[in-house]
Protein chains: 2
Amino acid sequence: MTETPASLTPTQLRAYFAFTEVSSLLKHAVEKQLRDAGGLSYVQFELLARLGDAPGARARMTDLADGVVYSRSGLTYQAQLLEQRGLVTRTPSPDDERSTVLTLTDAGRSVLADVFPGHIEALHQLLFATLSADDVDDLARILGQAADHLRASPPRSAAPRRRKAS
Amino acid sequence: MTETPASLTPTQLRAYFAFTEVSSLLKHAVEKQLRDAGGLSYVQFELLARLGDAPGARARMTDLADGVVYSRSGLTYQAQLLEQRGLVTRTPSPDDERSTVLTLTDAGRSVLADVFPGHIEALHQLLFATLSADDVDDLARILGQAADHLRASPPRSAAPRRRKAS
DNA sequence: TATTGTTATACTCTATAACTATA
DNA sequence: TATAGTTATAGAGTATAACAATA
């Protein structure tokens, strides 16, 4: 067991407050851009972007749910919305009939293409414009480390699925 | 006008992805802790914490709304919830009868006290445990800079209040 | 019996617009 | 006329639990 201090240092507090503030302001700005440019919520964009990166532009619901921090029913809900808009298709997996495979359609890829440039521009102007290359290096290294730690951390908010205590 | 590159560097991408991942995982974990320890949402915690820091443990609705990124009606909603639980009081301001002043009650301060230790512990274990003192310094500096920039940026999602175009 | 995904449902949160009251 | 805040309302999103189908 590692002992936990009862308080944070002033610098830790500053880092935390700055982090939450950047997180909040950046998320709002990005969500607005995604909504204006493609009518997408952040989650929907993330799902489409993951599909766009996936081999064959397809992925199983469960694999998507593990990446995004969502309940399965929430993912079903979002997948329905995307399917209704024709941005993805849902088909049963040939390998395992229980699984549903989401596939990005041409229309989905087109919406992604509509949205990407503005997304990148927003990130550049809001986040990266004021940071030096060294700052970005540091940020990537430090936050990458933190992300690794958090990902491995037990208190996952979206636990894979509860296991019986027996 | 500053020219905007059409894409991000690989390091910028890594920094961005790490940032969003940390943001998402940390927020979920912190929200769970606040809910379990004090039945508070993150917004409610933030409001109570701001009142706790404010002189006289009191603040006007508008001043709170400017800090938190919320619509006025959303703030009214949250203030009602907090008042119903007896954690704050709402009284008209003596200076300006249009204003409402929120004041933290003893019960509110008590809930804050219940919640703080676990909040700090969560931050320490999830975020700071793996970071060196230098890393925290860098993080505070870099994100502080980004926060300053974002705060000053025109596309505020919660604009103070729309002004007539005339 | 465990796993994948869907459905039904209820709840929280947020924003817009209309409204009241005060400056 | 402008500002502070509330109310009414409607919509998006999320999670839990029960369920059906497959492994």
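Small disclaimer: the values here were computed from a predicted structure and weren't measured. Order of the sequence lines sets the chain letters (A, B, ...), proteins ahead of strands, with each chain counted from 1.
If you measure from atom OH of Tyr70(B) to atom C1' of dT12(C), you get 11 Å, rounded to the nearest angstrom. At whole-Å resolution of the value, CD in Glu83(B) and C1' in dT6(D) are 12 Å apart. Distance Asp63(B) CG to dT3(D) P: 15 Å, rounded to the nearest Å. Atom-to-atom, CG of Leu47(A) to P of dG13(D) comes out at 11 Å; the value is rounded to the nearest Å. Rounded to an integer number of Å, the gap from CD of Glu31(B) to P of dT12(C) is 14 Å. Atom-to-atom, NZ of Lys27(B) to P of dT14(D) comes out at 11 Å; the value is rounded to the nearest Å. Distance CD (Glu46(B)) to C1' (dC13(C)): 15 Å, rounded to an integer number of Å.
Using a 4.5 Å cut-off on side-chain heavy atoms (C-beta onward), Leu40(B) and Leu87(B) make contact. No side-chain heavy atom of Phe128(B) sits under 4.5 Å from any side-chain heavy atom of Thr11(A).
Residue Arg58(B) forms a side chain to side chain donor-acceptor pair (under 3.5 Å) with just one option from Thr89(B), Thr103(B), Asp63(B), Thr91(B), and that option is Thr103(B).
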Could you go through nucleotides 21-23 of chain D and list every protein N or O atom that sits under 3.5 Å from one of its N or O atoms, giving the distance for each pair?
{"unit_1": "dA23(D)", "atom_1": "OP1", "unit_2": "Glu97(A)", "atom_2": "N", "d": "3.0"}

Nucleotides 7-12 of chain D: which of its N/O atoms have a protein N/O under 3.5 Å away?
{"unit_1": "dT7(D)", "atom_1": "OP2", "unit_2": "Gln80(B)", "atom_2": "NE2", "d": "2.8"}

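Using cut-offs of 30° and 60° for the angle between ring planes, the Phe45(A) and Phe116(A) rings count as perpendicular.
Applying the salt bridge (Lys or Arg N to Asp or Glu O under 4.0 Å) definition to pairs two or more places apart or across chains, none involves residues 109-125 of chain B.
Between the side chain of His149(A) and the backbone N or O of Gln125(B) there is at least one donor-acceptor pair closer than 3.5 Å.
Leu102(A) comes within 4.0 angstrom of nothing in the nucleic acid, heavy atoms only.
Considering NZ of Lys27(B) and NZ of Lys27(A), their distance stands at 6.0 Å, rounded to 0.5 Å. Atom CG of residue Leu47(A) and atom CG of residue Leu102(A) lie 7.5 Å apart, to the nearest 0.5 angstrom.
A donor atom on one side chain and an acceptor atom on the other are found under 3.5 Å apart for Ser23(B) and Ser23(A).
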